[in-house]
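One structure is given here, and the rest of the page talks about it.
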Amino acid sequence: MPDSQPATYTSETIELLSRRVSVRSYKPDPVPEAMIEAILRAAFRAPSSSNIQSYSVIVVRDREVLRRLAPVTGNQKHVAEAPVFLAFCADLTRIAHALDVRGHSVADNNMETGLVASIDAALVGMSASLAAESLGLQGVMIGAVRNDASASAKILGLPDRVYCVFGMCLGWPAESPEPKPRMEYADMVHYDQYGKQRTDMDMAARLGAYDSALAKHYRGTGRATTDDSWTHDMDKKFHPWLRDKLRQQLKERGFDFR
Ligand SMILES: Cc1cc2nc3c(=O)[nH]c(=O)nc-3n(C[C@H](O)[C@H](O)[C@H](O)COP(=O)(O)O)c2cc1C
């Protein structure tokens with residue numbers, strides 16, 4: 001187990017990560033295409049499970065496409081207004097071809113294929129987010145494209161065996177939100193085995209402390225919340241179950257999470 005001193009090591013990357021926040025309001029200034037290409041080329045250096053590289057990115061600037069996509073995401077204003085929207089997709093078309101030329105089929109693939117493709121897309125997305133922030137752009141990831149994976153796929157023109165895992169609004173920031181507090185380091189990190197060094201696994205007390213910290217943060221930003229902020233929001237979000245049609249919609253796209 002390491003010492004209990006706070007981290008003293010830093011670097012440009014650590015500092016970039018330490019101050020990152022989701023930004024949902026952008027200046028109208030254009031984001032050069034060459035900048036997006038530099039960001040994505042860097043992001044494609046992300047590791048890829050078995051080098052499968054099972055992702056594609058749709059760079060969306062067409063206002064009409066975003067106007068149609070916004071309602072799928074629950075009319076998120078920043079989706080309609082983003083100077084650039086990157087759709088990070090899990091893409092099994094290339095692996096399907098590789099199997100096809102050898103007389104095999106990816107049609108009866110199992111959960112692992114869909115999972116690694118989704119993980120690959122997420123790693124590229126986070127890498128792109130960091131690369132973008134290193135150039136002064138900011139943005140927010142948009143999981144709400146999965147509110148209706150079929151509608152998102154149609155609007156983005158995705159073929160079979162491709163689904164949009166999440167999107168990302170990007171632009172020059174027109175706001176600088178305070179960083180949202182995170183849960184305690186000691187709640188998230190374990191050494192050698194889960195909970196081995198922990199004597200205080202009192203979940204209610206620990207989440208209660210986070211609820212208070214988050215409620216304070218939200219009230220400081222003028223956002224209404226309850227005293228049990230995080231616990232309340234999670235219950236509201238995940239009960240009844242979120243996106244219960246997603247499994248069927250992804251199955252129809254060729255991702256069988258069974
Ligand atoms: C995969 C993913 C999907 C997200 N989807 C949305 C979204 O649809 N709309 C939105 O406004 N924020 C979305 N977010 C942003 C989160 O709400 C945000 O990261 C979280 O509240 C923590 O805040 P912070 O990023 O400012 O630290 C998403 C984040 C991730 C990682």
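Here the structure is a predicted model, which is why all the values come from computation and not from measurement. Counting starts at 1 for both ligands and their atoms, in listed order.
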Q.
Set out, in order, the CA-CA distance, both residues' side-chain angles and the distance that settles salt bridge (Lys or Arg N to Asp or Glu O under 4.0 Å) for Asp227 and Arg219, then state yes or no.
A. CA-CA 10 Å; Asp227 287 342; Arg219 284 175 184 140; 2.9 Å; yes

Q: Find the distance between CG (Leu69) and CD (Glu64) and round it off to the nearest 0.5 Å.
A: 11.5 Å

**Q.** Minimum heavy-atom distance Val79-Ala70, with the two atoms named
**A.** CG1-CA, 3.9 Å

Q. Is any NZ, NE, NH1 or NH2 atom of the basic residue among Glu33 and Arg61 found under 4.0 Å from an Asp or Glu carboxylate oxygen of the other?
A. yes

(Q) At less than 4.0 angstrom from any atom of ligand 1, which residues have a non-hydrogen atom? List them by chain and residue number. (A) Arg20, Val21, Ser22, Arg24, Gln76, His78, Val140, Met141, Ile142, Gly143, Ala144, Lys180, Arg182

Q. Is there side-chain contact between Gln249 and Asp148, with at least one heavy-atom pair below 4.5 Å?
A. yes

Q: Kindly confirm or rule out a cation-pi arrangement of Arg223 over Tyr218, judged by NZ or CZ under 6.0 Å from the six-membered ring centre and within 45° of its axis?
A: yes

